[in-house]
2 protein chains.
Amino acid sequence: MTPALKDLYVQKDKMYVATDCIIFGFDAGKLKLLVFKRRVEPFLGTWSLIGSFVRMEEDVSEAAKRVLTEITGLDNVFMEQLKAYGMADRDPGYRCVSIAQFALIRIDDYDKELTEEHGAHWFELNELPELVLDHGQMVEDAMARLKRKARYQPIGFELLPEKFTIPQLQSLYEAIYQKKLDDRNFRKKLMTLGLLIKLNEKDKTTSRRGAFLYKFDYDNYQKLVKSGYNFEIA
Amino acid sequence: MTPALKDLYVQKDKMYVATDCIIFGFDAGKLKLLVFKRRVEPFLGTWSLIGSFVRMEEDVSEAAKRVLTEITGLDNVFMEQLKAYGMADRDPGYRCVSIAQFALIRIDDYDKELTEEHGAHWFELNELPELVLDHGQMVEDAMARLKRKARYQPIGFELLPEKFTIPQLQSLYEAIYQKKLDDRNFRKKLMTLGLLIKLNEKDKTTSRRGAFLYKFDYDNYQKLVKSGYNFEIA
DNA sequence: GTCATAAGTGTATTTTATACAGTTTGCTGT
DNA sequence: ACAGCAAACTGTATAAAATACACTTATGAC
């Protein structure tokens with residue numbers, strides 16, 4: 001069943017469980033969200049998160065991954081449960097509890113044709129259109145979670161390409177925290193964490209001088225987590 | 001339907017939504033959890049969190065509050081959604097997504113007869129018995145959330161009586177963080193936050209000298225939150 | 001070869017966290 | 001009545017972390 005068709009099959013007296021995906025991306029210094037234009041009634045033409053009913057035989061988290069793959073062609077994406085939305089009247093059509101999950105994707109990885117087929121558009125977070133049902137609330141909650149989580153877990157890296165520069169990383173954190181950071185202090189802090197591997201390549205797309213590329217040091221991160229290390233990024 | 005009977009009515013091919021409550025209390029310097037002995041099959045005699053199906057016409061959060069009131073007689077309790085547990089095979093009897101919610105209650109407020117009728121027992125957190133299904137995981141997750149949340153939101157106060165002493169508060173935080181805190185630094189930190197109202201009464205139950213009682217300053221807390229103040233307790 | 005632009009570097013100051021020990025209070029027991 | 005006890009309470013010095021701040025370097029464009 002495609003997500004857009006789900007409403008055709010519902011029964012009013014049944015309890016449904018769905019999942020909705022809050023998909024973040026980062027592009028050109030801006031945090032963006034992937035939203036979808038509904039092509040069926042009810043709410044035809046309104047903007048919405050992408051979602052699906054959870055099938056009897058699949059985990060809730062599997063359902064979300066399935067949706068994400070259907071839409072973006074991506075696999076192995078960072079995804080985490082946000083929370084369940086369970087107001088009895090949250091959807092006027094039928095009784096449905098939705099488990100919202102947020103995903104962080106590398107914006108140049110996804111399958112653009114596939115998303116366009118599904119009526120998807122990237123919006124900057126401060127230019128979001130009104131979203132259907134409680135999806136606006138979900139996005140707000142996800143944004144709050146992202147802000148908080150970014151402080152103690154290096155999830156920012158999930159939004160960047162594998163190789164990235166320090167100024168890129170900084171501009172991402174500036175987008176998440178919605179404030180300017182001091183470049184000297186940012187760089188200093190990051191270097192002391194020991195989470196970056198400096199490469200012998202430069203990215204010259206944004207300056208003549210070029211900025212060194214780095215990789216995230218997953219191995220060392222795992223080690224540090226195990227030893228109970230406490231992060232704080234920016 | 002009482003929670004203990006819910007399994008009698010299930011259909012194998014239906015999707016169910018339930019809620020389970022992780023109920024924390026604080027007594028005699030120890031953090032405790034309220035768990036229940038099942039009196040029906042399946043899992044007769046095993047320890048379990050208390051829960052219920054979510055009814056068609058009620059919000060998920062209402063369902064949790066209903067359960068809590070049925071069990072403890074309490075109303076207006078601090079309660080917050082933990083997360084949804086949605087593994088397809090989490091309950092072998094039927095397909096059920098459970099939305100776990102954790103509650104903090106003042107342990108001398110609740111209705112002891114009522115809880116005993118329901119087969120409830122308080123366990124210290126490090127003396128918990130094995131719990132049924134994924135309830136052990138829920139408790140673990142709730143504990144992690146409580147630890148983290150206590151750092152930036154003054155939720156500890158929900159676990160203490162309205163009037164409390166600084167040493168009581170400290171011992172609560174020591175129980176949450178599972179480590180000793182320096183009494184001088186703890187007191188200093190708290191006083192600078194401006195969240196306490198000193199009363200003209202003393203609690204003499206734990207020392208001859210007596211310790212001054214304090215109230216939590218909800219009004220000032222609200223103000224500080226609005227002005228974007230950032231807490232860190234202990 | 002000079003101009004423009006982003007990348008990169010170091011230090012001083014303030015703030016916050018931590019470590020640490022002695023005094024006060026008021027009941028108890030003799 | 002007074003010595004003993006136990007918990008409540010207080011202050012200061014040190015270390016660590018966060019913040020504020022300005023110039024130099026590299027390189028392509030002209």
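Numbers restart at 1 for each chain; the letters A, B, ... are given by sequence-line order, proteins then strands. Just so we're clear, the structure is a prediction, and the values are computed from it rather than from any experiment. These values consider heavy atoms only, across backbone and side chains, with no hydrogens, waters or symmetry-generated copies.
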Chemist: In whole Å, what is the span from the CG atom of A:Leu196 to the P atom of C:dG8?
Modeler: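 Rounded to the whole Å, the gap is 12 Å.
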Chemist: Would you mind reading off the distance between A:Arg187 atom CZ and C:dA7 atom P, rounded to a whole angstrom?
Modeler: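 Going from A:Arg187 (CZ) to C:dA7 (P), I get 8 Å.
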Chemist: In terms of the nearest nucleotide of DNA chain C, which residue is placed more toward the 5' end: A:Thr165 or B:Gly210?
Modeler: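 Closer to the 5' end of DNA chain C: A:Thr165.
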Chemist: So if I take every side-chain heavy atom of A:Asp182 and compare against C:dA7, D:dC21, D:dA8, which nucleotide ends up nearest?
Modeler: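 Looking only at side-chain atoms, A:Asp182 lies closest to D:dC21.
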Chemist: A:Leu213 CG to C:dG8 P: how many Å, rounded?
Modeler: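 Rounding to the nearest Å, CG of A:Leu213 and P of C:dG8 are 10 Å apart.
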Chemist: Does the pair B:Arg106/B:Glu162 count as a salt bridge with the N-to-O cut at 4.0 Å?
Modeler: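 Result for this pair is no, no salt bridge flagged.
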Chemist: So B:Lys188, base contact, sugar-phosphate only, or nothing? Heavy-atom distance under 4.0 Å.
Modeler: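 B:Lys188: base contact, heavy atoms under 4.0 Å.
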Chemist: Quick one: the side chain of A:Arg184 and the base of D:dA22, do they pair up donor-acceptor inside 3.5 Å?
Modeler: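 Yes.
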Chemist: Quick check with a 6.0 Å cut-off and a 45 degree axis cone: is A:Lys112 positioned over the face of A:Tyr110's six-membered ring?
Modeler: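 Yes - A:Lys112 lies over the ring of A:Tyr110, closer than 6.0 Å to its centre and within 45° of its axis.
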Chemist: Without decimals, in angstroms, what is the distance between B:Phe212 CZ and C:dT24 P?
Modeler: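 One finds 16 Å between P of C:dT24 and CZ of B:Phe212, rounded.
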Chemist: Which one, D:dC9, C:dA19, C:dA7, comes nearest to the side chain of B:Asn185?
Modeler: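 My answer, after comparing the listed nucleotides, is C:dA19.
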Chemist: Please determine whether a side-chain nitrogen of the Lys or Arg among A:Glu174 and A:Lys180 lies less than 4.0 Å from a carboxylate oxygen of the Asp or Glu.
Modeler: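 Looking at A:Lys180 together with A:Glu174, the answer is yes, because their closest N to O distance falls below 4.0 Å.
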Chemist: Considering residues at least two apart in sequence or located in another chain, which fulfil the side chain to side chain donor-acceptor pair (under 3.5 Å) criterion with A:Glu158?
Modeler: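 Scan of A:Glu158 (side chain to side chain donor-acceptor pair (under 3.5 Å), adjacent residues dropped) gives none.
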Chemist: Given atom CZ of B:Arg208 and atom C1' of C:dT25, what is their separation to the nearest angstrom?
Modeler: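 Whole-Å distance recorded here is 11 Å.
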Chemist: Please report, rounded to the nearest Å, how far the P atom of C:dA6 is from the NZ atom of A:Lys180.
Modeler: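 In whole Å, C:dA6 P lies 12 Å from A:Lys180 NZ.
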Chemist: Taking 4.0 Å as the cut-off, does a side-chain nitrogen or oxygen of A:Ser207 come that near to OP1 or OP2 on D:dG28?
Modeler: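 Checking A:Ser207 against D:dG28: no side-chain N or O falls below 4.0 Å of OP1 or OP2.
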Chemist: Could you check which of D:dC9, C:dC27, D:dT27 has an atom nearest any side-chain atom of A:Arg209?
Modeler: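 Of D:dC9, C:dC27, D:dT27, D:dT27 is nearest to the side chain of A:Arg209.
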Chemist: Given that B:Pro167 and A:Glu232 both sit by DNA chain D, which one's nearest nucleotide is further toward the 5' end?
Modeler: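 Counting from the 5' end, the first nearest nucleotide belongs to B:Pro167.
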Chemist: Given C:dA6, D:dT27, C:dG26, which nucleotide is nearest the side-chain atoms of B:Lys202?
Modeler: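 Looking only at side-chain atoms, B:Lys202 lies closest to C:dG26.
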Chemist: Spell out, as yes or no, whether a donor-acceptor pair under 3.5 Å connects the side chain of B:Asn220 to the backbone of B:Gly194.
Modeler: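 Answer holds: yes.
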Chemist: Rounded to whole Å, how long is the line connecting atom CD of A:Glu174 with atom P of C:dA6?
Modeler: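 Value for this atom pair: 14 Å.
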Chemist: Closer than 4.0 Å, any side-chain N/O of A:Lys189 to the OP1 or OP2 of D:dA18?
Modeler: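 Affirmative; the distance criterion is met.
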Chemist: Rounding to a whole Å, what distance do you find between B:Ile233:CD1 and C:dA17:C1'?
Modeler: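 Rounding to the nearest Å, CD1 of B:Ile233 and C1' of C:dA17 are 16 Å apart.
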